[in-house]
Amino acid sequence: MFSCLKGKVGEVLLPGDEFSFEADDTISLTEHVKREKVVCGPGLRRSGDRLVVCKSGVLRHKQPNMFWMDSQQRRYVPAKGETVIGIVTVKSGDVFKVDFGGSEQASLSYLAFEGATKRNRPNVQVGDLVFAQFIIANKDMEPELVCMDSSGRANGMGVFGGGGLLFTVSLGLVRRLLAPRSEVRSDLQQLFPCELVVGMNGRLWVKSSSVQQTLVIANLLQSCDTMTDQQRRQLFKRVAQGAL
Amino acid sequence: MKDTPLSNCERDFLLKAIEEKKRLDGRQTYDYRKMKITFGTDYGCCFVDLGKTRVMAQVSCELVCPKESRPNEGIMFFNIELSPMASPAFEQGRQSELSVKLNRQLERCLRNSKCIDTESLCVVSGEKVWQIRVDVHMLNHDGNLMDAASIAAITALSHFRRPDVGIQGEDVTVYSPEERDPIPLSIYHMPISVSFAFFQQGTYLLVDPCEREERVMDGLLMIAMNKHREICSIQSSGGIMLLKEQVMRCSKIASVKVSEITELISKALENDKKARKAGGRCGFAESLPQERITALKMDETPVEMTDVTDRANDIVRKAETPPQTVPSPVVPVPGVGQVGQGLQNTWGLEEDDEEEEEENDNSVNEQEDKVTEMEEEQHEKEESGREDVVEISDSEEEDVVILHPETPDKAPKNTGSSSQHKGAATSKKRRK
């Protein structure tokens with residue numbers, strides 16, 4: 001199965017495509033049999049002894065044995081450990097309710113900030129933007145956010161947002177921006193200096209030196225969602241020449 | 001479902017951008033978004049796209065009793081539906097404030113301006129009049145629903161055709177569209193509404209606000225005008241204080257916009273009329289772009305062409321010669337000559353194929369060799385019953401290996417092309 005999965009990496013697959021152990025998968029009696037482990041990421045599901053694709057997209061592979069479906073969607077489903085941009089909607093007592101674009105609003109305790117104590121409350125108003133990560137995110141419970149990591153440090157999370165623009169893009173673009181050697185990010189770096197906060201719920205926050213530049217970057221990112229690499233590079237080049 | 005709340009930073013940014021005369025999508029202050037008008041297959045069905053805002057209007061008519069106060073006038077009925085598909089903030093069935101407001105504005109714009117001649121809708125005074133019903137559905141909400149709704153409503157009314165009516169004494173006959181051509185409504189003028197959004201207590205104004213701009217605006221001024229520069233209705237909401245000069249300026253801008261929009265509407269109606277007359281296909285489905293995923297179109301892929309000629313020559317050289325058919329005519333019986341395909345096939349063993357297909361029952365058999373051997377033995381025994389059953393499978397994947405050819409001296413059945421193909425496959429296999 002590992003080999004046939006490897007063979008399909010980079011191909012477009014549709015829900016219902018399945019991978020199963022081939023009929024003539026021979027097990028050699030003389031060689032040492034290696035235990036093959038295949039880790040299924042999002043979009044792949046195991047049903048019985050077959051691996052079924054449940055989202056349409058491109059099959060991707062990461063060493064040593066991780067496979068997942070890279071699909072395009074705009075609706076965010078919360079997952080534990082992911083950092084998102086949320087908007088505070090309700091401030092009631094000890095808990096803030098934060099909207100992150102999911103089916104429910106997440107709760108954020110006022111103690112979940114760096115250096116927050118019962119006396120020293122964080123300065124969070126209704127309508128503020130927070131960059132937080134999920135500690136509880138499953139379909140049975142209300143999602144919970146925190147603005148600090150496990151050691152108690154903020155690590156870039158918390159309230160932010162003066163002077164920038166918030167807009168939504170698809171989840172695929174967000175993942176491409178957050179990839180380790182992202183081409184979109186490197187192209188963007190050559191354009192204007194800007195501050196960019198990327199939330200995995202599809203929300204981006206941009207701040208640049210002027211309103212015009214911020215608007216340009218926001219429109220660029222929203223439109224390069226559905227472009228190929230070639231088209232995107234051309235677009236960025238045109239903007240760079242036009243701006244100069 | 002609740003709509004996404006507007007964050008403070010978005011609000012601040014939008015207001016700051018408006019102060020610098022910049023809009024989110026790069027428009028100028030007085031620019032409308034791209035407008036597109038398309039029609040459905042029925043008369044009276046119209047779709048209007050204003051940027052991403054999408055609205056559909058449908059006009060229908062019915063014969064009813066008139067109102068007692070106006071016995072010789074037809075009835076106009078307007079209805080705006082805020083469908084939940086337009087925005088998560090709209091709920092099905094609930095009469096929200098926005099929906100009441102839009103309904104009232106549309107009624108004032110179209111009914112009170114008397115743009116439709118209602119007296120022409122009368123059939124029998126006091127007894128039967130036409131009731132024209134306009135239903136406007138919001139399909140996507142990206143701001144400025146009122147403008148889109150008014151354009152859709154008036155365009156649909158101009159596009160609509162009502163059935164012809166014949167009166168003979170007391171009898172009223174309504175002719176169907178097949179019997180007599182339907183008649184358009186008599187429309188005096190086309191009132192179009194233009195919306196202005198005000199920010200910072202009336203200091204800045206924007207035409208055609210999009211959804212985010214609508215959320216941060218202080219107030220809205222809606223002016224309904226026709227192209228003859230007659231104001232049909234003015235409505236100001238949000239409680240902002242407007243100066244006289246501002247209202248005058250807005251009405252001047254509105255008259256320019258209205259003339260542009262009316263021109264666009266008449267062009268769209270013209271195109272549709274031409275398309276219908278020419279018999280071409282018209283309607284909603286045709287107006288959508290043809291981006292079919294099943295179309296047999298592939299992008300050009302680069303092909304390696306360096307050693308193509310050598311490889312082609314190689315293949316030709318190494319290929320086997322095609323089988324030679326018997327050139328001379330065959331004489332089965334004195335006096336009868338036969339050339340080409342027919343009773344005697346030169347592939348041979350067409351009967352064996354049939355036999356094996358019946359036995360294998362269309363399944364790919366890996367142990368074909370053994371089966372064919374057994375079948376060869378059974379073949380002689382079952383020859384007598386062979387003529388009755390003719391079962392040919394169309395599956396071309398059957399690799400049937402014939403070990404030794406049968407003498408083709410019996411009358412073979414003419415079974416059609418599939419067995420000829422089978423014969424080809426078998427002969428190739430034999431040669432291997």
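The model shown is predicted, which means the values in this text are computed figures rather than measured ones. In the text below, chain A, chain B and the rest are named by the order of the sequence lines, each starting its count at 1.
- For the residue pair B:Arg23 and A:Leu215, the shortest heavy atom distance occurs at O-CD1, 3.7 Å.
- At most 12 non-hydrogen atoms from other residues, nucleotides or ligands lie less than 6.0 angstrom from CD of B:Gln28.
- Annotation for A:Glu11: atom CD counts as buried by contact number, over 12 foreign heavy atoms lying within 6.0 Å.
- The environment of CE in B:Met241 is sparse: at most 12 heavy-atom neighbours from other residues, nucleotides or ligands sit within 6.0 Å.
- No part of B:Arg11 comes within reach of chain A, as not one of its non-hydrogen atoms sits under 4.5 angstrom from that chain.
- Between chain B and the residues A:Thr89, A:Leu165, A:Ile87, the largest count of heavy-atom pairs under 4.5 Å involves A:Leu165.
- Across every non-hydrogen atom of A:Trp205 and B:Cys9, the tightest pair is NE1-SG, 3.6 Å.
- When the candidates B:Asp12, B:Thr4, B:Leu24 are compared by the number of heavy-atom contacts under 4.5 Å with chain A, B:Leu24 comes out ahead.
- If you measure heavy-atom distances from A:Phe167 to chain B, the contacts under 4.5 Å come from both the backbone and the side chain.
- Looking at A:Leu166, the atoms closer than 4.5 Å to chain B (heavy atoms on both sides) sit in the backbone and in the side chain alike.
- A:Val126 touches chain B through its backbone: at least one of N, CA, C or O sits under 4.5 Å from a heavy atom, while the side chain does not.
- A 6.0 Å sphere centred on NZ of A:Lys97 holds more than 12 heavy atoms belonging to other residues, nucleotides or ligands.
- Residue A:Gln230 places its CD atom among 12 or fewer non-hydrogen atoms of other residues, nucleotides or ligands, all under 6.0 Å distant.
- When atom types are taken as modelled, the side chain of A:Asn219 and the backbone of B:Asp25 share no donor-acceptor pair closer than 3.5 angstrom.
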